[in-house]
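So the structure is just underneath, and the comments pick up after that.
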Amino acid sequence: SLFEQAAASVWGTADGAALVAIGGYGRYELCPQSDLDVMLVHTGRRDIAALAERVWYPIWDAGLKLGHSVCTQREALEIADDDLDTATALLSARHIAGDASLTDDLNAAARAHWEQRAKRWLEALRVRVDARHAQAPHLATARMRCRLAEAGDQLFCKLAHDVDPFSLSLSKCRRAY
């Protein structure tokens with residue numbers, strides 16, 4: 001995408017930092033007027049603030065909406081401990097620029113983190129779906145129910161059949177069981 005090309009052009013050295021798409025942007029599911037959800041993951045680079053500014057400002061200058069964060073992998077997982085949106089967004093982390101091994105490490109850690117807390121988070125998703133349905137039973141609720149079903153399918157596929165559902169499309173995962 002244009003954003004990914006621009007990010008790569010201002011990046012500089014890749015050591016110790018990675019720009020990662022998360023959420024809908026990580027899943028390639030942007031709708032019109034969607035924001036670009038990105039995370040700048042680092043290992044303690046001293047120039048991380050300057051790097052963030054080189055990436056964020058051109059996006060803002062272009063008039064795009066940006067959902068952004070700057071954190072270490074540990075900080076991202078600490079936020080995910082208490083925030084369902086972050087926990088689910090990290091499941092769709094996709095590398096954009098920088099040190100790809102940091103993105104790979106974040107993906108592995110986020111998946112392990114989710115699996116350890118699957119029962120709690122799936123229940124939280126169910127409660128959220130039920131609350132939305134009670135307020136406004138419309139298409140958005142159907143989408144949330146699809147996300148709940150997808151999360152359940154992915155976990156079942158992984159835990160019951162030792163298949164990595166995150167490397168498969170959901171339809172392939174369903175065929176695995």
Side-chain angles (χ1 to χ4, degrees), residues 1 4 18-43 65-96 98-177:
S1 79
E4 292 170 14
L19 185 61
V20 181
I22 58 174
Y25 184 41
R27 292 187 305 273
Y28 294 101
E29 294 179 356
L30 288 180
C31 296
Q33 305 302 315
S34 289
D35 59 344
L36 300 174
D37 291 323
V38 294
M39 181 177 284
L40 183 54
V41 180
H42 65 95
T43 58
K65 291 189 241 174
L66 181 65
H68 63 289
S69 61
V70 178
C71 57
T72 64
Q73 174 185 302
R74 181 179 176 190
E75 291 167 337
L77 295 176
E78 286 174 0
I79 294 166
D81 271 341
D82 298 318
D83 183 60
L84 179 63
D85 292 332
T86 301
T88 56
L90 289 177
L91 290 177
S92 58
R94 177 175 55 83
H95 185 73
I96 296 175
D99 187 345
S101 69
L102 290 178
T103 305
D104 293 341
D105 292 347
L106 178 64
N107 272 319
R111 290 176 190 142
H113 204 69
W114 176 269
E115 288 173 5
Q116 293 168 359
R117 293 155 181 81
K119 184 175 181 180
R120 178 182 69 159
W121 282 337
L122 286 172
E123 177 60 18
L125 275 171
R126 187 196 59 75
V127 168
R128 187 178 286 184
V129 167
D130 290 346
R132 285 187 182 178
H133 185 70
Q135 290 177 350
H138 52 53
L139 188 57
T141 301
R143 174 127 171 104
M144 190 63 162
R145 287 191 186 280
C146 287
R147 283 190 180 169
L148 177 60
E150 181 176 348
D153 283 349
Q154 288 173 333
L155 287 170
F156 177 81
C157 194
K158 170 65 178 164
L159 300 175
H161 299 285
D162 198 31
V163 174
D164 182 5
F166 302 101
S167 66
L168 303 172
S169 71
L170 186 55
S171 61
K172 288 180 183 176
C173 182
R174 284 188 175 137
R175 278 186 251 138
Y177 62 88

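By convention here, the first residue in the shown sequence is residue 1. Since we're looking at a predicted model, the values are computed, not measured.
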State the CZ-CG distance between Arg128 and Asp85, to the nearest 0.5 angstrom. 4.5 Å
If I compare all heavy atoms of Ala76 with all of Cys71, which pair ends up nearest, and what's the gap? CB-SG, 3.8 Å
Just verifying a value: how many Å separate Arg94 CZ and Asn107 CG, rounded to the nearest 0.5 Å? 11.0 Å
Contact summary for Ala80 and Leu90, nearest pair of heavy atoms: CB-CD1, 4.0 Å
Who pairs with Ser101 by side chain to side chain donor-acceptor pair (under 3.5 Å), at least two apart in sequence or on another chain? Asp99
Spatial distance of atom OH (Tyr25) from atom CG (Asp37) [nearest 0.5 Å]: 10.5 Å
Check Arg111 with Glu115, please: is the shortest side-chain N to carboxylate O separation under 4.0 Å? no
Pair Glu123 + Arg120, salt bridge at N-O below 4.0 Å: no
Once ring-ring contact (aromatic ring centres under 6.0 Å, His included) is applied, do any residues pair with His68, and if so which ones, sequence neighbours excluded? Trp56, Trp60
Hey, are the side chains of Leu106 and Met39 touching, using non-hydrogen atoms and a 4.5 Å cut-off? yes
Close side-chain approach of Arg117 to Asp81, heavy-atom, < 4.5 Å: yes
Does some side-chain heavy atom of Leu125 sit less than 4.5 Å from a side-chain heavy atom of Leu84? yes
Let me confirm one number: the CZ-CD1 distance from Arg27 to Ile22, rounded to the nearest 0.5 Å. 10.0 Å
The reported gap from OG1 in Thr72 to CG in Leu77 (rounded to nearest 0.5 angstrom) is 8.5 Å
Between Gln33 and Lys65 the two heavy atoms that sit nearest each other are O-NZ, 2.8 Å
4.5 Å side-chain heavy-atom contact, His42 and Val70: yes
If every non-hydrogen atom of Ala110 is compared with every non-hydrogen atom of Leu91, which pair is closest and at what distance? O-CD2, 4.1 Å
